[in-house]
Amino acid sequence: MAWPEIHQVVVMSLVLSQLPVCCGSPDPRHRESLMSDEASRQTGGNLLLTEAELKLSAQLHKLKEQEMASLDFPPAMHFFKAKPLIQRSPIYRLLQRMPKGAALHIHDFSMVGVEWLVWNVTYRPHCYLCFTEDQSVRFCFSPLQPKPVPQCSSWVLLKTWRAKIGNTTDFDNSLIRNLTLFTEDPEDAYPNQDAVWKRFEQAFVSAWGLVTYAPVFKDYYYEGLSQLYLDNCMYLELRALLPETYELDGSTHDKAWGLKAYQDVTRQFVSEHPDFLGARVIFTVHRGLNASMAMEAVEEAMFLQKSFPEIMAGFDLVGREDEGRPLWYFREALSLPSERGVNLPFFFHAGETDEDGTEVDGNMLDALLFNTSRIGHGFALLRHPVVKELSRKRGIAVEVCPISNQVLKLVADLRNHPASVLMSEGHPLVISSDDPAMFGASGLSYDFYEAFTGIGGLSSNIGTLKELAMNSIRYSSLSPERQKEALVMWQRKWDKFISENSR
Ligand SMILES: *[C@@H]1O[C@H](CO)[C@@H](O)[C@H](O)[C@H]1NC(C)=O
Ligand SMILES: *[C@@H]1O[C@H](CO)[C@@H](O)[C@H](O)[C@H]1NC(C)=O
Ligand SMILES: *[C@@H]1O[C@H](CO)[C@@H](O)[C@H](O)[C@H]1NC(C)=O
Ligand SMILES: *[C@@H]1O[C@H](CO)[C@@H](O)[C@H](O)[C@H]1NC(C)=O
Ligand SMILES: *[C@@H]1O[C@H](CO)[C@@H](O)[C@H](O)[C@H]1NC(C)=O
Ligand SMILES: [Zn+2]
């Protein structure tokens, strides 16, 4: 008999020996012990909780039972429809106040609610607008009438345009709609992934001229940190393209300027908010690049890492995985750092796909082979048991972004999100929001709500939330000393939160 079969027999007999020997009803103590074994395996299942934490957990459990019994259980609905319900949820309001630790997966141009872009930035002097042929808009700051560019034959000064319209409410709302994916009927507007990604990329291009204007670039980032701070997050790792930014006189700045700007603004923000720990930047390039451009990008990343070790955390590739090149295509570029003995940590997006077995579906394995520090999304992880095991053994956390996965059409009902399995077995994971502004979300609280009520179901409890928050520090790029400091700061906030909210 081959070994695996013997093994199977042994395992079977072990399981059988634990089952009650005789007839009749199963032994309730045995049932109890199996159930508690299972509960101990979930995220936070092994934490020892205080009396006050257990009390708050019981309150949350009761609230969750009520919300789950409702016909309109928010995680089962599209976020665009669920959002007003979530805002009324007492669980959500509690999660807003909860110290959530770090946001480890957020992109540079989707940090700040777009209302701020429209109501603040487009009202600044010298802001021009152009309507494109495909019903979209572009912006640009300029002292004089800008020249026509492809897609944009004529620019109008927003100040003049608004004066002509008089009542600008509807117009400003249309700009807001241009900059997000929000729509009343998402199922109809976005019948498939192609449609939703097309709009996603269009909204991104529309925001480009606003956020790459150098003065706005800094204000936008400051505003983004403020919004995270208000949502009770204390640290950020920002995926950033470091695009060329421009001044009113047409002069431009390079990537080093952008990184320095992030560093300066972070320092300023921390000095004004001493209970905010700071931020680091993961430099990202588009995965549509060819091999030689990728080599250049990695060279540049190594240079930036060396020049700005405080703010620079590492490197990643972004853009729709299904459309871009697989990580394996970039293997030569991605091997450069280790060949040169340079430390350039990777934080790869991988497994944001439902196309099982494709080349792109191999990205998670390749991410691990290239020694990634975390896996962005890992939506396809369950289909790869070996990768899953490696990620668990090596403590490579999965960055779960529930609302993003739903809006971008990988899963409709968040109770069926694959992370529910990962959570039930205590796989290393953190919760993040990816592109909150594009989805009409903000900070981390909406995604925590979806993870806690939808993905975690009734099994997730205060221990789950506590572990998720601590994970966000544990799996950050911070040095061990900084992590210790962060955990102490977080624990103080947590204890205060518990004592103020448990009754
Ligand atoms: C826009 O935001 C900046 C700070 O980022 C602030 O100083 C300014 O007052 C705001 N302007 C308007 C019109 O809200
Ligand atoms: C401007 O238009 C909006 C929407 O059409 C309307 O609700 C609002 O009352 C108008 N404001 C003024 C001052 O007329
Ligand atoms: C973008 O704004 C323009 C101008 O107001 C409007 O005509 C268009 O419908 C908007 N597009 C979207 C997708 O909302
Ligand atoms: C790679 O892309 C760059 C920029 O698009 C282009 O100039 C270059 O020719 C490409 N290289 C190859 C080998 O295709
Ligand atoms: C893997 O990455 C970690 C953290 O970035 C680094 O310390 C380690 O040396 C790397 N190992 C290899 C084999 O490249
Ligand atoms: Zn992302």
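Atoms within each ligand, like the ligands themselves, are counted from 1 in listed order. Position 1 is the first residue of the sequence, and the numbers go up from there.
Looking only at atom types and distance, the side chain of Tyr123 has a donor-acceptor partner in the side chain of Asp172 under 3.5 Å away. A donor-acceptor contact closer than 3.5 angstrom links the side chains of Asp354 and Gln193. In the model, Lys100 has no side-chain atom that pairs as donor or acceptor with a side-chain atom of Ser472 under 3.5 Å.
Backbone or side-chain N, O or S atoms of His107 reach the Zn ion (ligand 6) at under 2.8 Å. With a cut-off of 2.8 Å, the Zn ion (ligand 6) has an N, O or S atom of His349 in range.
Salt bridge annotation for Arg177-Glu184: present, with a cationic side-chain nitrogen under 4.0 angstrom from a carboxylate oxygen.
Geometry note: the Zn ion (ligand 6) is the vertex, His105 NE2 and Asp434 OD1 are the arms, and the angle is 80° (rounded to 10 degrees).
No N or O atom of Arg177 sits closer than 3.5 Å to an N or O atom of ligand 3.
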Verdict with reasoning, Asp194 to Arg320, per salt bridge (Lys or Arg N to Asp or Glu O under 4.0 Å) | CA-CA 10 Å; Asp194 288 348; Arg320 187 178 174 192; 2.9 Å; yes

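Disulfide criterion (SG-SG under 2.5 Å) for Cys130 and Cys152: met.
Here the side chains of Pro74 and Lys83 are not in contact, with every heavy-atom distance at 4.5 Å or above.
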Taking a 3.5 Å cut-off between nitrogen or oxygen atoms, can you list every pair linking ligand 1 to the protein, with distances?
from: ligand 1; atom 1: 2 (O); to: Asn120; atom 2: ND2; distance (Å): 2.2
from: ligand 1; atom 1: 11 (N); to: Asn120; atom 2: ND2; distance (Å): 2.9
from: ligand 1; atom 1: 14 (O); to: Asn120; atom 2: ND2; distance (Å): 3.3

